[in-house]
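Remember, predicted model here, so these are calculated numbers, not experimental data. These numbers come from the heavy atoms of this one structure, side chains and all, not from hydrogens, waters or symmetry mates.
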Amino acid sequence: MKNLFYFIHNHLFLFSAWLILFFSIISSITQKLFSKAKLIDINHVKLFINNQSAIIIDVRSKKNFLKGFIPNSINIPLKKIYSYDLNKLNAFKNKNIIFVSDNNIFLQDCVDIFYKNNFKNLFILKNGLKNWNIKKLPLICRK
C-alpha cells in the first residue's frame with residue numbers, strides 16, 4: 001500500500017490520466033447497460049428503411065439538416081426537443097425510431113423524452129452521419 005501512495009505522489013499526472021480513463025470506461029459501460037435505446041449500425045438502419053418499419057429523427061440544427069439528411073427523416077433540432085409536441089408523432093409509436101446526429105453525445109436526452117412519452121422502440125445510429133457519409137449513402141440536400 002505504501003508503494004501505491006509513493007507511485008501516486010511521484011506520478012500524479014499519469015495516475016490522474018489513468019483515473020479519468022477508468023471512470024470514462026465505467027461511465028460508458030453503465031450508460032450502455034441502462035440506456036433505453038439500442039446503438040445500431042448502418043446495416044440495421046438500411047434494413048429498417050427498406051422494410052418501412054422506422055422513422056428517422058435528425059436532431060441537428062435546421063441549417064445542418066438542410067445541408068444533407070437521410071431521405072424521409074424528420075428534423076427536430078436538439079434545442080427544440082423539450083418543447084416539441086410529440087403528439088404529432090403518435091402514429092409512429094409502434095415503429096422503430098432512429099435518432100441521428102453529428103455525434104451521439106446529447107442523444108440520451110432525446111431518448112429519455114421519447115421513452116417517457118411511451119415510445120419504446122428507440123435506436124441511435126452509431127457514429128451518426130459520419131459513417132453514413134463514409135459509406136457514401138444517399139443524402140438529400142436543400143438550401
Side-chain angles (χ1 to χ4, degrees), residues 1 4-5 7-143:
M1 187 60 103
L4 177 64
F5 292 122
F7 176 81
I8 292 171
H9 183 265
N10 288 326
H11 304 285
L12 191 58
F13 180 76
L14 182 62
F15 178 75
S16 298
W18 181 87
L19 205 57
I20 290 169
L21 179 64
F22 175 76
F23 282 114
S24 296
I25 291 170
I26 295 298
S27 173
S28 176
I29 291 170
T30 305
Q31 186 176 14
K32 287 179 184 177
L33 287 175
F34 295 108
S35 177
K36 295 164 183 79
K38 184 178 178 185
L39 203 60
I40 59 173
D41 62 11
I42 291 174
N43 294 325
H44 284 99
V45 174
K46 290 190 304 187
L47 182 66
F48 285 149
I49 291 171
N50 290 337
N51 292 334
Q52 297 179 349
S53 63
I55 178 173
I56 298 173
I57 298 181
D58 191 321
V59 298
R60 296 176 299 145
S61 68
K62 186 74 167 177
K63 180 181 175 184
N64 287 339
F65 178 77
L66 294 175
K67 288 180 183 177
F69 57 91
I70 297 172
N72 298 322
S73 59
I74 297 172
N75 182 232
I76 306 173
L78 194 58
K79 291 181 180 180
K80 296 181 181 179
I81 199 80
Y82 294 102
S83 61
Y84 190 80
D85 182 11
L86 291 180
N87 291 325
K88 295 177 184 178
L89 301 175
N90 277 341
F92 303 111
K93 279 196 174 183
N94 294 323
K95 289 204 175 220
N96 299 310
I97 297 177
I98 304 167
F99 295 97
V100 176
S101 70
D102 288 328
N103 56 47
N104 297 343
I105 295 173
F106 300 107
L107 284 180
Q108 196 58 48
D109 293 340
C110 297
V111 169
D112 291 341
I113 290 168
F114 274 74
Y115 189 82
K116 287 176 186 174
N117 284 280
N118 297 317
F119 292 87
K120 301 298 179 198
N121 302 321
L122 305 173
F123 300 91
I124 296 173
L125 175 59
K126 186 177 182 179
N127 296 321
L129 282 179
K130 184 171 81 175
N131 279 357
W132 193 270
N133 289 328
I134 289 171
K135 298 277 186 181
K136 298 185 188 307
L137 293 168
L139 290 175
I140 297 174
C141 300
R142 295 201 177 122
K143 292 186 178 188

**Student:** Counting only heavy atoms from other residues, nucleotides and ligands, does the tally under 6.0 Å from CG of N72 exceed 12?
**Tutor:**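 Counting other residues, nucleotides and ligands, CG of N72 stays at 12 neighbours or fewer.
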**Student:** Among all residues two or more places apart in sequence or in another chain, which pass the side chain to side chain donor-acceptor pair (under 3.5 Å) test with N117?
**Tutor:**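 Partners of N117 by the side chain to side chain donor-acceptor pair (under 3.5 Å) criterion come out as none, since no residue qualifies.
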**Student:** As an exercise, state the distance from CZ of F114 to CD1 of I81, rounded to the nearest 0.5 Å.
**Tutor:** 4.5 Å
**Student:** Only counting residues at least two apart or in another chain, list the ones meeting side chain to side chain donor-acceptor pair (under 3.5 Å) with D85.
**Tutor:** N87
**Student:** Indicate the ring-plane relationship of F15 and W18, choosing parallel, tilted or perpendicular according to the 30° and 60° boundaries.
**Tutor:**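 Ring orientation, 0 to 90° scale: parallel.
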**Student:** Taking the side chain as everything from C-beta on, heavy atoms only, tell me whether L89 gets closer than 4.5 Å to I76.
**Tutor:**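 They are in contact (side-chain heavy atoms under 4.5 Å apart), so the answer is yes.
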**Student:** Please determine whether side-chain contact (heavy atoms from CB on, under 4.5 Å) holds for the pair I113 and Y84, giving the CA-CA distance in whole Å, both sets of side-chain angles, and the decisive distance to 0.1 Å.
**Tutor:** CA-CA 10 Å; I113 290 168; Y84 190 80; over 6 Å; no
**Student:** If you take all heavy atoms of D102 and R60, which pair is closest and at what distance?
**Tutor:**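 Heavy atoms only, the tightest pair is OD1-CD, 3.1 Å.
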**Student:** Can you list every ring pair (Phe, Tyr, Trp, His ring centres under 6.0 Å) pair that touches residues 55-76, not counting sequence neighbours?
**Tutor:**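 Listed once each, the pairs are F65-F69.
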**Student:** A quick test of your reading: do over 12 heavy atoms of other residues, nucleotides or ligands sit less than 6.0 Å from OH of Y115?
**Tutor:**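 No, because the 6.0 Å sphere around OH of Y115 holds 12 heavy atoms or fewer from other groups.
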**Student:** Please enumerate all residues that pass side-chain contact (heavy atoms from CB on, under 4.5 Å) together with S53, with sequence neighbours excluded.
**Tutor:** F48, N51, N96
**Student:** Measuring from K62:NZ to R142:CZ, what's the distance to the nearest 0.5 Å?
**Tutor:**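 Here the rounded value is 8.5 Å.
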**Student:** Identify the heavy atoms of L107 and S101 that sit nearest to each other, and give their distance.
**Tutor:**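 Between these two residues, the closest heavy atoms are CD1-OG, 3.7 Å.
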**Student:** In a table with atom names and distances, give each donor-acceptor pair under 3.5 Å that connects a side chain of residues 120-134 to protein atoms at least two apart or in another chain.
**Tutor:**
unit_1, atom_1, unit_2, atom_2, d
W132, NE1, P138, O, 3.0
N133, ND2, L129, O, 3.3

**Student:** Give the minimum heavy-atom separation between L78 and C110, together with the two atoms involved.
**Tutor:**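 Heavy-atom minimum between the residues: CD1-SG, 3.3 Å.
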**Student:** Taking all non-hydrogen atoms of both residues, which atom of K135 and which atom of I42 are closest, and how far apart?
**Tutor:** CG-CD1, 3.7 Å
**Student:** Locate the shortest heavy-atom distance separating S61 from P77; write the atom from each residue and the value.
**Tutor:** CA-CB, 4.4 Å
**Student:** How far does CD1 of I26 sit from CG of L21, to the nearest 0.5 angstrom?
**Tutor:**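 Between I26 CD1 and L21 CG, I get 10.0 Å after rounding to 0.5 Å.
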**Student:** Within the side chain of N75, is there an N or O that forms a donor-acceptor pair under 3.5 Å with the backbone of D58?
**Tutor:** yes
**Student:** Please enumerate all residues that pass side-chain contact (heavy atoms from CB on, under 4.5 Å) together with K136, with sequence neighbours excluded.
**Tutor:**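 So K136 forms no side-chain contact (heavy atoms from CB on, under 4.5 Å) with any residue.
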**Student:** Between atom CD1 of I70 and atom CD1 of I74, what is the distance when rounded to the nearest 0.5 Å?
**Tutor:**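 Here the interatomic distance stands at 12.5 Å.
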**Student:** Restricting to non-hydrogen atoms, name the atom on Q52 and the atom on K95 that form the minimum distance, rounded to 0.1 Å.
**Tutor:** O-NZ, 2.8 Å
**Student:** Working to the nearest 0.5 angstrom, can you tell me the gap between I8 CD1 and L14 CG?
**Tutor:**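 The CD1 atom of I8 sits 10.5 Å away from the CG atom of L14.
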**Student:** Between atom NE2 of H44 and atom CG of L39, what is the distance when rounded to the nearest 0.5 Å?
**Tutor:** 11.0 Å
